**Student:** 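First, the structure itself, so that you have it in front of you.
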Number of protein chains: 2
Amino acid sequence: MKEENATAKERPAKVAKRDPEGVRRDILTVAMEEFSQNGLSGARIDEIAARTRTSKRMIYYYFGDKEGLYQRVLEEAYGKVRGGESDLELDGLDPQAALERLCRFTFDHHRRHPDFIRMVMIENIHHGRHMQVSQTIRGLNRPAIEALEGVLKRGQESGVFRTGVDPLELHWQISALSFFNVSNSATFSHIFGGELFTDDGQERLSAHVAEMVLRYVLRPDHIPTRVQDD
Amino acid sequence: MKEENATAKERPAKVAKRDPEGVRRDILTVAMEEFSQNGLSGARIDEIAARTRTSKRMIYYYFGDKEGLYQRVLEEAYGKVRGGESDLELDGLDPQAALERLCRFTFDHHRRHPDFIRMVMIENIHHGRHMQVSQTIRGLNRPAIEALEGVLKRGQESGVFRTGVDPLELHWQISALSFFNVSNSATFSHIFGGELFTDDGQERLSAHVAEMVLRYVLRPDHIPTRVQDD
DNA sequence: GGCCTTATGTACTGCTTGGTTAATAAGATT
DNA sequence: AATCTTATTAACCAAGCAGTACATAAGGCC
């Protein structure tokens, strides 16, 4: 069990006796769970250390202090959910379909990354105090707006969308609906029951979020009239 | 400074040497600030005690332990924002106006109670674990749904609203937009700038939230056509 | 005015927890 | 192989903090 594979030296081998980057990642992964679960002050460094394959000392070695670790975890969280919008190939769809797809994607994407959502919630509790480094984060979110901007413009040009809809505001609205769905599911379902949070309910919500957005931007005469009560 | 006003014994005087209820309220008020600001684990009992006119001992005397206090604060928060909807006199308005009013009220109401919002955020971080006592809380939120239900029905009967809109879902949507506006203002403005959170921006958002909801429920032929870009 | 219950002040405690000290092992460098 | 830098271990510490023990004062009640 010493070091049977002393070969492969040129490429930094995965299973090196020393593996700083691996240790870093290990810590970050565990820390993300702990922070997103318990918040900044609720998280326990000892707990993180225990669930890591390293020791507490290493956390301080790589991240300085608790806040430093938290900050990196936050950045990590934003990084983990970046992109996506770019892979949607919205340009290949007509504006209406593109917008619907964007909505549904956003809704779903949020749903699939609850720990990211929780990190953002936590950061908001702290008034966004740890986001000053936002240069990175800021850059990651521009594409979302730009994608939306493109779709809106195309829709307006082809006459199916009304004008006077601000892309930033629309992004805000889509985000609100998608974010709230994850962030407040606990309290909401406690109060009103869990119907909306079953698989069925979520599918309905997703559809209706998209519908709401579409009805918001479509010119009234382009809203498809369907059987009124379905 | 002994007790100069030994009179007025029949009515529980405000400035009684002993004032249990006052002490309770004092603690709750301060605790609400501390908890909503710092979360459950971030809040410090000593800090609460210090900012109270009583001592730490009293906190434990009345509330048992930290969680007990938190729980009461949470209930208090829900209680503080209850009602409101009932005072709106929606029945006096046509459905369209009523719905718009309800939206704008909700948006504004959330905005005016940031500490309530924060308590709900915090509780969601804790997966709503402290809301089991929700009988009270549950009751406080029914009226909101009922008000909405009433308006929707009237609108459908008079033919201006389409059918097939679920009141609970619509409430969810309005809540999402109103809640997110407060809960995520820190991170959102960090990323996209603060334009949406100036007085002007908020007025615009409020209007557009209402507009979005209205366009969602109005039958297309009843959507007022206005100058397209305003 | 004794007695019982409710309310309150002071001081203390023990565990939790973020952070550190000191020593050392593994690679890199030459 | 000597040296220097980076990575890692294990034990330790002091402050912070939730919760308590103990004593006692007010007020109600008869």
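Computation of the quantities below employed the complete heavy-atom set of this structure, encompassing side-chain atoms and omitting hydrogens, waters and symmetry-equivalent molecules. So you know, we letter chains A, B, ... as the sequences are listed, proteins then strands, and number each from 1. Computed from a predicted structure; not experimentally measured.
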**Student:** Does the pair A/Phe180 and B/Phe180 meet the rule for a ring-ring contact (aromatic ring centres under 6.0 Å, His included), with working shown?
**Tutor:** CA-CA 7 Å; A/Phe180 182 89; B/Phe180 181 89; 9.1 Å; no
**Student:** I'd like to know if B/Asp199 pairs up with B/Arg111 as an ion pair, taking the criterion as any Lys NZ or Arg NE/NH1/NH2 lying under 4.0 Å from an Asp or Glu carboxylate oxygen.
**Tutor:** yes
**Student:** Yes or no on salt bridge (Lys or Arg N to Asp or Glu O under 4.0 Å) for A/Arg44 and A/Glu34, after CA distance, side-chain angles and deciding distance?
**Tutor:** CA-CA 8 Å; A/Arg44 294 288 162 253; A/Glu34 176 76 5; over 6 Å; no
**Student:** Between atom OH in B/Tyr61 and atom C1' in C/dA7, what is the gap in whole Å?
**Tutor:** 5 Å
**Student:** Which parts of nucleotides 18-24 of chain D does protein reach within less than 4.0 Å, heavy atoms only, written one letter per nucleotide 5' to 3' as B for base, S for sugar-phosphate only and - for none?
**Tutor:** BBBBB--
**Student:** A/Ile59 has an atom CD1; how far is it from atom C1' of C/dT20, in whole Å?
**Tutor:** 14 Å
**Student:** I need the CE-P distance between A/Met58 and D/dT9, as an integer number of Å.
**Tutor:** 6 Å
**Student:** Does B/Ser55 have a side-chain nitrogen or oxygen under 4.0 Å from the phosphate oxygens OP1 or OP2 of C/dT8?
**Tutor:** no
**Student:** Under 4.0 Å, counting only non-hydrogen atoms across every strand here, what does A/Tyr62 touch: a base, just sugar-phosphate, or nothing?
**Tutor:** sugar-phosphate
**Student:** Would you tell me whether A/Asn38 and A/Glu47 have side-chain atoms, one donor and one acceptor, within less than 3.5 Å of each other?
**Tutor:** no
**Student:** Under a 4.0 Å N-O cut-off, is there an ion pair linking B/Arg112 with B/Asp108?
**Tutor:** yes
**Student:** Please tell me whether B/Thr187 and A/Asn124 have a donor and an acceptor in their side chains that are separated by less than 3.5 angstrom.
**Tutor:** yes
**Student:** Which dot-bracket notation, 5' to 3', represents the base pairing of DNA chain C when pairs are defined as Watson-Crick or G-U with both distances under 3.5 Å, crossing pairs as [ ], and inter-strand pairs as |?
**Tutor:** ||||||||||||||||||||||||||||||
**Student:** Which word best sums up how the rings of A/His109 and A/Phe105 line up, parallel for under 30°, tilted for 30 to 60°, or perpendicular for over 60°?
**Tutor:** parallel
**Student:** Could you tell me the separation between the CD atom of A/Glu34 and the P atom of C/dT17, rounded to a whole number of Å?
**Tutor:** 10 Å
**Student:** Please state how far atom CD in A/Glu21 lies from atom C1' in D/dA7, giving the value in whole angstrom units.
**Tutor:** 13 Å
**Student:** Between B/Tyr216 and A/Tyr216, is the ring centre distance below 6.0 Å?
**Tutor:** no
**Student:** Round to the nearest Å and state the distance from A/Arg53 atom CZ to D/dT9 atom C1'.
**Tutor:** 16 Å
**Student:** Using only heavy-atom distances, determine whether the side chains of A/Gln37 and B/His127 contain a donor-acceptor pair under 3.5 Å.
**Tutor:** yes
